[in-house]
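Worksheet for the structure shown next.
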Amino acid sequence: MHSYANTTTLPPVHIWKGTGAGASRVTLTPYLPAGAPKAAIIVCPGGSYFWLDKRTEGHGVAKWLSSNGIAAFVLRYRVAGAWSFITRDRALYPHDQYPDMITDLQRAIQLIRENAHEYNCPPDKIGVMGFSAGGHLAMSSGVYHRTDFLAMAGICSTVSLRPDFVVPVYPVVTLCHPEYTHKRSRRGLLGEWRKNSKRMCDRLSLEKNIPEDCPPTFLMNCVDDPIVKYQNSELLAKALADKKITHRYIQYKTGGHGFGATKEKTTEEAIAWCGEFLEWLDKTIL
């Protein structure tokens with residue numbers, strides 16, 4: 001057990017242990033603040049659905065959240081892996097692709113909500129925050145919450161799988177606009193064959209599937225993002241507005257990509273998102 005500025009870090013939880021489903025490498029690492037948490041947030045690092053930036057967009061973000069009185073849980077969800085990126089082996093042996101990632105996230109929501117009393121967390125204030133491809137995953141948990149992916153894996157959940165709020169940060173959003181799609185993330189999510197399926201791309205393009213009961217959303221990105229085109233967030237913001245979903249969209253001119261909550265990795269302008277989010281959380285959710 002380690003402590004970072006009044007934060008207690010617990011050992012990783014193997015969320016599929018004893019179920020006969022999922023994968024043994026999928027873990028959830030809790031970062032608990034001193035005192036009772038005002039909310040809980042599952043953190044989904046980015047990495048194009050091929051790998052995970054656990055350091056900056058995972059544990060670094062969790063430490064920042066917990067230092068602000070929020071229980072954070074870093075999710076190590078299933079991704080294809082660097083070997084599959086290089087060799088394209090999933091063309092022959094499909095593995096670690098949709099819906100594995102969203103199934104892992106729903107399992108994390110289930111476990112935290114069922115065990116909220118153990119973490120001293122309010123069970124009705126559980127959100128998901130994600131970055132880049134992890135932002136797509138985080139938003140997916142709100143967009144597709146009516147689909148019980150756990151049931152498909154043979155797991156019965158007696159609690160709601162809908163997050164109470166979602167926070168996609170410089171997210172991948174669309175899979176069907178060729179000029180805006182982050183193709184590596186699409187391939188990582190869908191695999192070597194389904195990446196070309198119009199039906200699958202339409203189904204998993206967030207801007208096309210916002211439900212009437214989508215959770216409140218805090219969305220941020222930067223115009224100078226060199227990895228995920230900024231129009232992804234604009235498409236999502238418009239879709240949320242069209243469905244009259246409670247949301248806040250902040251677009252910064254500078255800041256780039258992949259910085260999480262680390263000020264040294266972005267601009268003074270963009271790191272302001274951290275304070276803006278905390279203010280939004282207090283006013284909108286708490």
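Values in this document were obtained by computation on a predicted structure and should not be read as measured data. Note that the numbering runs from 1 along the sequence shown for the chain.
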Checklist line | Thr29 (side chain) donor-acceptor with Thr27 (main chain) under 3.5 angstrom | finding: no
Next item on the list: Measure the spacing between CD1 of Ile210 and CG of Asp242 and express it to the nearest 0.5 Å.
Entry: 10.0 Å
Margin query: Tell me whether Gln106 contacts the main-chain N or O of Phe149 through its side chain, where contact means a donor paired with an acceptor under 3.5 Å.
Written below: yes
Check: Any chance the side chains of Gln110 and Glu114 put a donor and an acceptor closer than 3.5 Å?
Finding: yes
Margin query: Angle between ring planes, His257 versus Tyr170, binned at 30° and 60°: parallel, tilted or perpendicular?
Written below: tilted
Next item on the list: For the pair Asp225 and Lys229, find out whether any cationic side-chain nitrogen is under 4.0 Å from an anionic carboxylate oxygen.
Entry: no
Notebook entry, point to check: If you round to the nearest 0.5 Å, how far is CG of Leu32 from OG of Ser66?
Noted result: 8.0 Å
Checklist line | Between Ser24 and Lys17, a side-chain donor and acceptor under 3.5 Å | finding: no
Check: Are side-chain heavy atoms of Leu204 and Ser140 found at a separation under 4.5 Å?
Finding: no
Note to self: Quick one, Thr262 with Thr266, criterion side chain to side chain contact (heavy atoms under 4.5 Å, CB included). Give me CA distance, side-chain angles, the key distance, then yes/no.
What the structure shows: CA-CA 7 Å; Thr262 305; Thr266 188; over 6 Å; no
Next item on the list: Would you indicate whether the side-chain heavy atoms of Tyr31 and His59 approach each other to under 4.5 Å?
Entry: yes
Next item on the list: Could you tell me the separation between the CG atom of Leu190 and the CG atom of Asn196, rounded to the nearest 0.5 Å?
Entry: 9.5 Å
Item checked: Glu279 with Lys283: basic N within carboxylate O range, under 4.0 Å -> yes
Next item on the list: Heavy atoms only: give me the nearest Met220-Ser233 pair and the separation to one decimal.
Entry: O-OG, 4.3 Å
Notebook entry, point to check: Measuring from Cys44:SG to Glu57:CD, what's the distance to the nearest 0.5 Å?
Noted result: 11.0 Å
Check: Within the side chain of Ser205, is there an N or O that forms a donor-acceptor pair under 3.5 Å with the backbone of Leu175?
Finding: yes
Note to self: For Val43 versus Ala72, what's the shortest heavy-atom pair and its separation?
What the structure shows: CG2-CB, 4.4 Å
Check: What are the two closest heavy atoms between Cys176 and Thr174, and how far apart are they?
Finding: N-OG1, 3.3 Å
Next item on the list: Kindly compute the distance separating CD1 (Ile70) from CG (Leu281), expressed to the nearest 0.5 Å.
Entry: 5.0 Å
Note to self: So that I can tick it off, tell me whether Arg248 and Glu276 are bridged by a salt bridge, with the cut-off set at under 4.0 angstrom between side-chain N and carboxylate O.
What the structure shows: yes
Item checked: Donor-acceptor contact present, side-chain His145 to main-chain Val143, <3.5 Å -> no
Next item on the list: Verify, without hydrogens or angle tests, whether Ser132 (side chain) and Gly134 (backbone) share a donor-acceptor contact under 3.5 angstrom.
Entry: no
Notebook entry, point to check: Taking all atoms of both residues into account, what is the closest heavy-atom pair of Ile285 and Lys125, and its distance?
Noted result: O-CE, 3.5 Å
Notebook entry, point to check: Can you name the nearest heavy-atom pair linking Pro37 to Pro122, along with the distance?
Noted result: O-CD, 3.5 Å
Next item on the list: Might you work through the side chain to side chain contact (heavy atoms under 4.5 Å, CB included) test for Leu28 and Val74, ending with a clear yes or no?
Entry: CA-CA 5 Å; Leu28 197 62; Val74 179; over 6 Å; no
Check: Are Cys214 and Met139 close enough, and set up right, to give a side chain to side chain contact (heavy atoms under 4.5 Å, CB included), and what steps lead you there?
Finding: CA-CA 9 Å; Cys214 186; Met139 195 69 212; 3.5 Å; yes
Next item on the list: Indicate the atoms forming the closest heavy-atom contact of Ala91 with Trp193, along with that distance.
Entry: O-NE1, 2.8 Å
Item checked: Side chain Thr19, main chain Trp16, donor-acceptor under 3.5 Å -> yes
Note to self: Could you check whether Arg187 pairs with Glu192 (Lys NZ or Arg NE/NH1/NH2 to Asp/Glu carboxylate O, under 4.0 Å)?
What the structure shows: yes
Note to self: The test is side-chain hydrogen bond (donor to acceptor under 3.5 Å, both in side chains); show your working for Thr254 and Asp224 and say whether it passes.
What the structure shows: CA-CA 5 Å; Thr254 64; Asp224 69 347; 5.1 Å; no
Next item on the list: Go through the structure and list residues passing ring-ring contact (aromatic ring centres under 6.0 Å, His included) with Tyr119, not counting sequence neighbours.
Entry: Phe73
Item checked: Tyr144-Ile155 co-clustered via ILVMFWY side chain contacts under 4.5 Å -> yes
Next item on the list: If the plane angle is over 60° it's perpendicular, under 30° parallel, otherwise tilted; pick one for Trp280 and Phe165.
Entry: perpendicular
Notebook entry, point to check: Less than 4.5 Å apart, any side-chain heavy atom of Asn221 and any of Tyr252?
Noted result: no
Notebook entry, point to check: Under a 4.0 Å N-O cut-off, is there an ion pair linking Asp213 with Arg146?
Noted result: yes
Next item on the list: Is it possible for you to say whether Leu65 and Ile250 belong to one hydrophobic cluster, with membership spreading through side-chain heavy-atom contacts below 4.5 Å?
Entry: yes
Check: Counting distance only, does the side-chain N/O of Trp273 pair as donor-acceptor with the main-chain N or O of Leu219 below 3.5 Å?
Finding: no
Margin query: Is there a path of hydrophobic side-chain contacts, each under 4.5 Å between heavy atoms, that joins Tyr180 and Tyr230?
Written below: no
Next item on the list: Applying side chain to side chain contact (heavy atoms under 4.5 Å, CB included), run through His182 and Asn232 and close with a yes or a no.
Entry: CA-CA 9 Å; His182 188 245; Asn232 276 259; 5.9 Å; no
Item checked: Interatomic spacing from CD1 in Ile15 to CG in Leu75 - rounded to 0.5 Å -> 5.5 Å
Item checked: Any pair counted as side-chain hydrogen bond (donor to acceptor under 3.5 Å, both in side chains), so long as it reaches residues 71-81, sequence neighbours left out -> Arg78-Asp104
Notebook entry, point to check: Donor-acceptor pair, Asn68 side chain versus Pro33 backbone, under 3.5 Å?
Noted result: no
Notebook entry, point to check: Hydrophobic cluster mates of Phe50, side-chain heavy atoms under 4.5 angstrom, ILVMFWY only, any path?
Noted result: Trp51, Phe85, Ile86
